[in-house]
Amino acid sequence: MKIRTITEDYIRDLLAQDTREDGRGLLDYRPISIKTNAIPNAEGSAQVTMGNTKVLAGIKIVVGSPMPDKPNEGNLITSAELLPIASEHFETGPPSPEAIELSRVIDRGIRASGMIDTKALFIEEEKVWDLFIDVYTLNYDGNLFDAGTLAAVAALSTCRMPRYEDKKVVREGNIGMLKVGNPITSCTFAKIADQIILDPDSNEEEFMSSRLTIANDENLVRAMQKGISGAFSPKEIESMIDITFDKSKELRKLVGNLKE
Amino acid sequence: MSGSEKPELIINGKRLDGRMPNQLRDIKIETGVIKNAVGSAYIEWGRNKIVAGVYGPKEALPKHVQDPEKAIIKCRYAMSPFSGVEDHSRSGPNRRSTEISKVTREVFENVVLLEQFPGGEIDLYIDVLQSDGGTRAAGITAAAVALASSGIPMSDIPFAVSVGKVGNQLIMDMDKIEDNYSDADMPVAISPRTGEILLLQMDGNLTKSEVSAGLSMIKEAGETISKIQREALKAPYEKILERYKE
């Protein structure tokens, strides 16, 4: 038998009463704010807070070489770092499986959405743009998947596009913006004691039995990732897809407002 | 994902290798292939060739990784440098294999009765010798047989398989060329006894009803895969029985 702690019992008791530690409903997000161009030196950047979770995404666009199997396409490279400053549970050293999973799930959504046309990142033969998205975790309080995707998408949506002129990269002055397609957002769910909640915080993540992230645009599911050892039934997955299509409207609106 | 020089993947309702949309590749599983391991299985799934081995339960080391309530699973999925048709690839862990190792470990954390071995460690190795698409699913299917053959107690023998989409057509168990040009890929692992989903990944584009239809196709294919798993587990004992009859 697993020994339960006071915190876990408390969270379970609250869920049984349809509420959570911060008084939220089971399918509510915490307050979200987005600050774009937080790092003016980067081509694009955005800091997202989701409750006490704080992440910063930065974008650099540099000249690189195409992959041998895609000679006419630029490269999209997404990384995520769980900085030791963000939590006492994060340690220095090579990226943990958790950090790698986070970066690959963020990458998968953006890539599958076609938000970035990698063919448009072609410069000339043997020369393409490498677009680096780096997601930095500054404070961890759960749900890095949604906060990280939102930060990356907000940074992409407000990203400058350097020019390649006379064998030189022009980053200053009269340059255009990166062309982006329909934005992708993700909704992450946690299951605790057979109840499903949206946007888990760190206490809830500690006691969840399973997790599901669904990335979507207006009409289609673009990426999914189940995590942790617990299970979901097909019915639960279908209901989470419905909730995602509904809740993602709020997130897309936040991203949409950035451009205006 | 789809490229510009995309080949026609379904012609007259049939796929490039002659399969129907909902048809699995041929699957063969053999147990006991690694004598040193406590349990092992070799799977040929189409052109995929994968070996899975189990060591333990043993004391978890270093000591700080021990869980006083249950055993931990260490899982390593790796592709050999000669496994693909492309150039020689670097061996050792990369981001893809690290993620696959993690989600595979999580599948087995669900079904292995870890509480029976407090402070213990179970090592699970999945080595892809030749790859042709769908290696994580084939690896999980083989690892489930390896674990069952080791006698480590489990609540179920999970299986895994992937559903893909080409145009508007869902197709079962994509091979490499289909995977390269498909519109979606959704690998899933299921515990057949409960029908619960232990692994779910997806990328590309699917509607909600395609996700549901894909999950149903996977459940149906699971009956075939589970049967092959059980027969592989029984085969060595049936050989012994034969000998007694003679």
Side-chain angles (χ1 to χ4, degrees), chain A residues 1-3 68-70 72-73 77-80 94-105 107-114 118-119 184 209-217 219-242 244-245, chain B residues 1-5 67-70 73 75 86-87 93-103 105-112 114-115 156 158 180 183-191 194-212 214-216 218-219:
Chain A
M1 272 300 290
K2 189 177 180 294
I3 300 161
D69 57 334
K70 286 175 179 160
N72 304 321
E73 292 182 37
I77 303 114
T78 310
S79 312
S96 60
E98 285 72 24
I100 290 171
E101 182 183 36
L102 175 63
S103 62
R104 287 180 60 87
V105 171
D107 177 85
R108 208 172 289 155
I110 293 171
R111 206 175 283 276
S113 73
T118 49
K119 290 198 179 79
I184 184 107
S209 61
S210 46
R211 186 193 70 222
L212 181 70
T213 300
I214 302 172
N216 67 310
D217 51 26
N219 304 309
L220 292 164
V221 180
R222 294 293 186 166
M224 292 194 279
Q225 176 89 345
K226 205 221 92 182
I228 317 294
S229 60
F232 288 112
S233 69
K235 217 180 212 149
E236 286 171 330
I237 287 166
E238 284 164 16
S239 110
M240 285 183 274
I241 292 175
D242 282 336
T244 298
F245 277 116
Chain B
M1 290 306 307
S2 23
S4 51
E5 59 297 304
D67 184 334
E69 290 175 16
K70 58 181 196 298
I73 296 180
C75 177
E86 306 87 8
D87 294 347
N94 53 35
R95 286 152 55 100
R96 174 180 174 276
S97 70
T98 303
E99 186 198 357
I100 294 176
S101 300
K102 178 179 187 287
V103 294
R105 165 169 59 79
E106 290 167 346
V107 167
F108 291 104
E109 283 171 349
N110 188 278
V111 291
V112 176
L114 298 170
E115 290 80 4
D156 202 359
N180 285 351
D183 296 293
D185 179 24
M186 181 168 76
V188 174
I190 286 182
S191 171
T194 61
E196 284 192 314
I197 290 160
L198 307 181
L199 170 136
L200 173 66
Q201 298 181 293
M202 178 251 155
D203 73 327
N205 68 79
L206 290 176
T207 64
K208 186 201 161 198
S209 55
E210 284 169 337
V211 172
S212 304
L215 291 175
S216 306
I218 283 170
K219 201 173 166 216

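The chains referred to below are lettered A, B, ... by the order of the sequence lines, with proteins before strands, and numbering in each begins at 1.
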Is L220(A) close to T207(B) at the side-chain level, that is, under 4.5 Å between some pair of heavy atoms? yes

Distance, nearest 0.5 Å, that separates CD1 of I100(B) from CD of E101(A): 12.0 Å

Rounded to the nearest 0.5 Å, what separates atom CZ in R108(A) from atom CE in M202(B)? 10.5 Å

Can you tell which part of V107(B) gets under 4.5 Å to a heavy atom of chain A, answering side chain, backbone, both or neither? neither

Nearest 0.5 angstrom please: I100(A) CD1 to E99(B) CD, how far? 9.0 Å

Does any backbone or side-chain atom of E236(A) lie under 4.5 Å from a heavy atom of chain B? Answer side chain, backbone, both or neither. neither

So, do M224(A) and V211(B) sit near enough that their side-chain heavy atoms are less than 4.5 Å apart? yes

Mind checking the OG-CG spacing from S113(A) to D203(B)? Nearest 0.5 Å is all I need. 11.0 Å

Less than 4.5 Å to any heavy atom of chain B: does that hold for the side chain of I214(A), its backbone, both, or neither? neither

Between S79(A) and chain B, which part of the residue has a heavy atom less than 4.5 Å away: side chain, backbone, both or neither? both

Can you tell me how far CG of L200(B) sits from OG1 of T213(A), rounded to the nearest 0.5 angstrom? 10.5 Å

Under 4.5 Å from any heavy atom of chain A - which part of L215(B): side chain

